[in-house]
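Lettering follows sequence order; numbering is per chain, from 1. Heavy-atom basis, side chains included; hydrogens, waters and symmetry copies ignored.
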Amino acid sequence: MQSERRLHPVSFLFALLGHAKQLLVPGLIVLLGARSGGDGWEVWAMVLIVPYAIAAIGRTLSYRYRFDPSELVIRTGFVFRNERHIPYTRIQNIDSVQNVLHRLFGVTTVSIETGGASESEATLSVVSLEAFRELRARVFEERGPTATAIAEAPPETVLLDLSWRDVALCGLIQGRGLVVLGTIFGLLWEVGMIDRLADPLFGEKTTGRGVLTQLLLAFFGQGLPPARTMLVTIAAFGLFLVVVRLFSVTWALVTLYGFRVRRVGEDLQIEFGLLTRVAATVPVRRIQAVTVQQGPLHRLLERASIRVDTAGGEGRESAQSQRHTIAPLIRQTEIRAFVHAINPDADVDPQWNAVHPRGVRREFVGSTIVALFTTAATAAMLRWWAIPVLAAMLVWGWMHARGYVRSLGWALTESVVIFRSGWLWKATTVAPLAKIQVVSLLESPFDRRHRMARVLVDTAGADSESHPVRIPYLERSTADGLAQALAAHAARTAFRW
Amino acid sequence: MDQQEFFGVPEEAGPTIADGRFRSLDPRSVGLERVEGWIATGCVSAGVLFGILIFVMVSRAPAWVTPLLSVVWLLLTLGLIWHTLQWPELAFKHTSYKIDALGIEIRRGVIWRTVVNIPRSRVQHIDVSQGPLERRFGLGTLAIYTAGTAHSMVALQGLEHTTALAVRDHLLPERADDAV
């Protein structure tokens, strides 16, 4: 029998801190509430939580694991004992997350996931880095088709390695700055600083103040503020935009620093993060669909971003959801090689089939109705402004209808189905036929009138930000043929998690 | 269990469900839908009437509100009654399913029509369930679970119970790959 390994000696510290973190917010509330006159029984109640924390620490101390010939065996508990056997072949991912404290001690939290489960099968908090590497190597070796010596390294290629400049650029394009700003705003509100800032922006105590109020009044036609105020406002707004972009860049640098994707044998290993370092493993065969996305800024800089849908294990935060973006920024010239490394049959630029051209008219009719409704609803507020607004909306609707329908395209090869859409924000999805789950065809009453239909291809692991294969405005006969072909292909192949 | 089935050889001992023909639901499902419709109509209508009565008694609304609300309630109830009488028949006419060696195809929808095609190799597991009303009518609901996201569960209601069981037995992959 193999020797049993234990967790790192400092793991009790992490267990303690983990519990302290859970109790921090309710504890603060209790303490602040108790101060304002009560018996203080709440404070005493918190003391009762200490034995619970001790029990958790005991669990950490009793955690042992060993490498049996075909499975990983984990034993926990002194009083309530539990023994878990995880066959190596069932292990899909071994992820490691390191925050600043972990880095200080040179340890990491490892989570082991098997196929299809939404929870980790096992979480080792915390082990040393060598133990993590040993665990990964052992599991990989046992999982592989041929038993190789542990010293022999599997074939490894670096697919993507982002420099800090690339990461900063990614932050600039992504624009998550508003989220950061919103969080800061929330914090300031809590602390009460907003009251102090409210006067200069909204108040009307002295001349030259109350900038925002003046602007709003001017917009609704009650007199323009002096030119000086306008200039100051515009400058301030410009500064605001710059600050937001700076926040985006900083956020990206902190979360995505050192982004690296390597293909190691049958897995993709993804590492990123400045303070919290994440090392995630994605088995290539778990990838269901690959989507290449390009916004207008991406196109300007000749870059794109790539995300994947992975099967099993959705709904959990941390490494899981972040793993979906496997290339936050990649050069246009490198896309083909990257996608080929994941799926050799994938082709991001095939011979595209277009959809029915009458789709343009139908899309335009849709947006016209929306424009008419919104203008009618806000007519009272806009008054004579309603006419140019309606005209602008109609022009935009026409441009969107043409751009969008012209951008739609699909292709079917022997092993993948490819779909692209979007004229401003382009997205191309490649879904292997072996990963197709359910094929459906949808026909709305408007579709029926024009003898069109929409084909939907369902794959596993899609989330709200995915770009699923949903092809609208197909001619009915084409849609029928495509749906039948896809279903036949899917039926002929077996689906492996 | 006869010899062929025991050894897993797909012999056609008699009329089998997987013949690739389009079949309708059981006609009794129309009756079931109507009963469910009457229950729903009764609950909704009574609830709205209750709400209106309370509103009229409690609030100081002008005199013309009461007849207006009564008209609204009347229209709502008549609409629900019409729906309960007509819709189950329409839905029945537009629902059909086909089972063959490759999988199952379900067509349904009166106004918004859909065709859902589930290959046999993608079925994860299947439930056959019966509510109390369904038991009285001898019907069952077939729920097919897949690994997909939008169609992680596809339900077919109004099948005869034994038919639903036969469909389940045919679609489950274990049975199919049981070659000895």
Could you tell me which of A/D480, A/L486, A/I436 has the largest number of non-hydrogen atom pairs under 4.5 Å with chain B? A/I436
Does the B/T149 side chain pair with the main chain of A/D463, one donor and one acceptor, at a distance under 3.5 Å? no
Residue part contacting chain B, namely of A/S466, when any heavy atom lies under 4.5 Å: neither
Minimal heavy-atom distance between A/A490 and B/S121, with the atoms involved, is O-OG, 3.3 Å
Indicate yes or no: at least one non-hydrogen side-chain atom of B/R122 is less than 4.5 angstrom from one of A/K435. no
Donor-acceptor contact below 3.5 Å, side chain B/N117 vs main chain A/V439: no
Neighbour count >12 (heavy atoms, 6.0 Å) for atom CH2, A/W352: yes
List the atom of B/P119, the atom of A/A491, and the distance in Å for their closest heavy-atom pair. CB-CA, 3.6 Å
What do you reckon, is CZ of B/R135 surrounded by more than 12 foreign heavy atoms closer than 6.0 Å? yes
Just wondering, do B/V116 and A/V438 contact through their side chains at under 4.5 Å, heavy atoms? yes
Inspect the surroundings of CZ in B/F22 and state if more than 12 heavy atoms from other residues, nucleotides or ligands are less than 6.0 Å away. yes
Among B/V154, B/I106, B/L102, residue most engaged with chain A (heavy-atom pairs, under 4.5 Å): B/L102
Name, in order of residue number, those residues of residues 440-451 of chain A that have a heavy atom at a distance of less than 4.5 Å from a heavy atom in chain B; otherwise write 'none'. A/S440, A/L441, A/L442, A/E443, A/S444, A/P445, A/R448
Sequence neighbours left out, what passes side-chain hydrogen bond (donor to acceptor under 3.5 Å, both in side chains) with B/W87? Give chain and number order. none
